[in-house]
Amino acid sequence: MVQANIGQLERELSQRIIKFYDDRIGKPPSQIICHFFDTEIVISLENSVTQAEQTLMKGGYDNLAEQVRLYLEKIIKPELKSLIEQIIGKQVLDLTINTNLATGRTGIIVVFNQLSEAHNPESISQSKC
């Protein structure tokens with residue numbers, strides 16, 4: 001991992017993911033929250049639903065809108081994984097994306113083998129649910 005503190009990595013991830021969603025989906029999220037945990041990063045995107053998906057839902061085509069989103073996420077997942085690996089400098093073991101079209105929120109969970117090489121590892125939450 002690049003020698004950076006957790007706050008710097010969270011900011012860089014946030015900025016790069018906003019640009020990534022704008023470039024690949026055509027819709028940057030209005031807000032992004034990124035938190036590091038022991039071996040995971042949890043990313044929350046607000047207002048990540050595209051105008052096309054919203055139009056489909058307003059027209060009563062909720063299932064089609066969901067299907068479109070699932071395909072979009074399947075297509076972008078390898079690129080997003082690569083982007084995160086590039087920023088963090090560690091191999092991603094698993095990456096899960098889920099979007100709730102009704103609320104416009106996307107959740108991303110990124111799992112690593114370890115994340116403890118940052119300058120301030122004490123700021124990484126160690127709590128388990």
Side-chain angles (χ1 to χ4, degrees):
M1 181 183 306
V2 176
Q3 290 296 315
N5 71 39
I6 298 304
Q8 290 170 325
L9 288 173
E10 288 174 346
R11 280 187 296 281
E12 183 173 355
L13 265 175
S14 296
Q15 292 168 354
R16 299 273 301 271
I17 289 173
I18 288 171
K19 183 175 180 351
F20 176 82
Y21 265 75
D22 190 24
D23 292 346
R24 299 298 287 140
I25 303 290
K27 171 79 169 97
S30 63
Q31 182 180 6
I32 184 168
I33 299 168
C34 181
H35 288 292
F36 281 63
F37 293 92
D38 187 30
T39 59
E40 294 147 6
I41 301 172
V42 176
I43 303 162
S44 173
L45 308 174
E46 296 285 333
N47 300 314
S48 61
V49 178
T50 67
Q51 186 65 46
E53 292 164 323
Q54 291 173 13
T55 300
L56 287 169
M57 291 182 59
K58 286 179 186 172
Y61 295 97
D62 295 21
N63 289 338
L64 181 56
E66 289 282 345
Q67 198 172 25
V68 166
R69 177 50 69 145
L70 287 173
Y71 281 119
L72 285 172
E73 289 173 349
K74 184 177 182 177
I75 292 167
I76 68 167
K77 185 176 179 176
E79 292 177 65
L80 185 58
K81 179 181 173 187
S82 179
L83 174 69
I84 293 169
E85 287 176 340
Q86 176 189 0
I87 295 166
I88 302 300
K90 295 280 186 186
Q91 183 178 2
V92 171
L93 297 178
D94 194 16
L95 186 141
T96 303
I97 307 171
N98 188 36
T99 300
N100 183 327
L101 294 178
T103 64
R105 290 186 186 96
T106 297
I108 303 169
I109 300 173
V110 188
V111 180
F112 296 88
N113 190 29
Q114 69 173 11
L115 277 175
S116 60
E117 294 178 22
H119 277 301
N120 59 339
E122 67 280 356
S123 67
I124 299 175
S125 175
Q126 303 291 321
S127 57
K128 307 276 185 201
C129 296

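Nothing here was measured: the structure is a model prediction, and the numbers come from that model.
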Reported CG-to-CG distance for the pair L13 and L83, which is rounded to 0.5 angstrom: 7.5 Å
Result of checking I109, I88, I108, V111 against I41 for side chain to side chain contact (heavy atoms under 4.5 Å, CB included): I88
Common cluster, V49/I43, ILVMFWY with side-chain heavy-atom separation under 4.5 Å: no
Value rounded to 0.5 Å, distance of CD in E12 from SG in C34: 10.5 Å
From I32 atom CD1 to E46 atom CD, the distance as rounded to the nearest 0.5 Å: 10.5 Å
same_hphob_cluster(L101, I76) at 4.5 Å side-chain heavy-atom cutoff: no
Side-chain donor-acceptor pairs under 3.5 Å in residues 91-98, sequence neighbours left out?
none

Which atom of S48 lies closest to which atom of L45, heavy atoms considered: CB-CB, 4.1 Å
Linked, directly or transitively: M57 and V68 (ILVMFWY side chains, under 4.5 Å): no
Side-chain (S82) to main-chain (P78) donor-acceptor, under 3.5 angstrom: no
V110-L9 co-clustered via ILVMFWY side chain contacts under 4.5 Å: yes
Residue pair E79 / I75: nearest heavy atoms and the distance that separates them: OE2-O, 4.1 Å
Under the side-chain contact (heavy atoms from CB on, under 4.5 Å) test, residues paired with N47 that sit two or more places apart: K27, S30
Non-hydrogen side-chain atoms of K90 and E85 separated by less than 4.5 Å: no
Donor-acceptor contact below 3.5 Å, side chain Q8 vs main chain N5: yes
Residue pair L80, R24: steps toward the side chain to side chain contact (heavy atoms under 4.5 Å, CB included) verdict: CA-CA 10 Å; L80 185 58; R24 299 298 287 140; over 6 Å; no
Criterion side chain to side chain contact (heavy atoms under 4.5 Å, CB included) on F20 and I84, from CA distance to verdict: CA-CA 11 Å; F20 176 82; I84 293 169; over 6 Å; no
Trace of the side chain to side chain contact (heavy atoms under 4.5 Å, CB included) decision for T106 with Y21: CA-CA 11 Å; T106 297; Y21 265 75; 3.9 Å; yes
Straight-line distance of R105 CZ to Q31 CD, nearest 0.5 Å: 9.5 Å
Between CG on residue L56 and CD on residue E66, distance to nearest 0.5 Å: 11.0 Å
Side chains of L72 and E53 in contact at under 4.5 Å (non-hydrogen atoms): yes
From CG (L64) to CZ (R69), nearest 0.5 Å: 13.0 Å
